[in-house]
Amino acid sequence: MTTDPSAATYTCVVCGEAVEAAMSAECHWCDRRYHLNQRNDIEANDCGRVWIDEQHLGLMFACNSCIAKESASESADETGASPKKARPAIADAPRARRYKRRA
């Protein structure tokens, strides 16, 4: 007998309440679950955001806690209070060549 993974419940990292897998998302920064209403016909909590990242051409998910930390570090960086953590760019990573170079 297999269990349905969509019926799993998690704890929201932002508000601490229970959240079902179908009504949640996983934060790309902290890898924890948060409330995210993915339907227009149901009223529910949103403890984070989802947007289209133009650089990576994909959906980015982030909880309100990580968004607040990021905006705080950006504002501190503008004042010079703390150095901003450098994130590795995906484009800078070496890619394996899938074909042979022509002579």
Side-chain angles (χ1 to χ4, degrees):
M1 182 169 126
T2 61
T3 59
D4 184 14
S6 63
T9 57
Y10 301 95
T11 302
C12 177
V13 67
V14 178
C15 67
E17 296 178 7
V19 59
E20 295 178 10
M23 295 299 287
S24 68
E26 192 171 310
C27 179
H28 280 222
W29 291 334
C30 67
D31 294 328
R32 294 186 284 179
R33 290 271 176 184
Y34 65 94
H35 286 102
L36 182 67
N37 184 7
Q38 300 177 16
R39 297 180 56 175
N40 290 333
D41 60 339
I42 297 175
E43 290 290 324
N45 292 341
D46 281 330
C47 294
R49 292 185 8 202
V50 60
W51 68 93
I52 297 174
D53 185 19
E54 294 177 5
Q55 180 181 3
H56 299 106
L57 300 175
L59 293 175
M60 296 295 293
F61 296 86
C63 64
N64 287 340
S65 300
C66 291
I67 292 171
K69 289 177 189 175
E70 184 70 19
S71 63
S73 69
E74 285 178 1
S75 64
D77 187 38
E78 290 174 2
T79 60
S82 66
K84 186 176 178 181
K85 294 180 182 177
R87 291 189 184 170
I90 292 176
D92 294 340
R95 296 190 316 173
R97 188 172 297 227
R98 295 184 189 173
Y99 59 91
K100 291 184 179 181
R101 182 175 273 175
R102 291 186 177 181

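In this structure, Arg33 and Ala21 approach most closely via the heavy-atom pair NH1-O, 3.9 Å. The shortest heavy-atom contact between Val19 and Cys12 is CG1-N, 3.9 Å. Asn45 and His35 make their closest contact through O-CB, 3.6 Å (heavy atoms, listed as atom of the first residue, atom of the second, distance).
Between Glu26 atom CD and Cys63 atom SG the span is 11.0 Å, to the nearest 0.5 Å. We find the SG-CZ distance between Cys27 and Arg32 to be 8.0 Å, quoted to the nearest 0.5 Å.
A 4.5 Å side-chain heavy-atom check between Trp29 and Glu70 finds at least one atom pair inside the cut-off.
The closest donor-acceptor contact from the side chain of Asp46 to the backbone of Asn37 lies under 3.5 Å. The backbone N or O of Ser24 sits less than 3.5 Å from a side-chain atom of Gln38, completing a donor-acceptor pair.
Hydrophobic side-chain contacts under 4.5 Å tie Leu59 into a cluster, directly or through other members, with Val13, Val14, Tyr34, Leu36, Val50, Ile52, Phe61.
Judged as a side-chain hydrogen bond (donor to acceptor under 3.5 Å, both in side chains), and not counting sequence neighbours, the contacts of Asp41 are Arg39.
Judged as a salt bridge (charged side-chain N to carboxylate O under 4.0 Å, His left out), not a single pair has a partner in residues 48-67 (not counting sequence neighbours).
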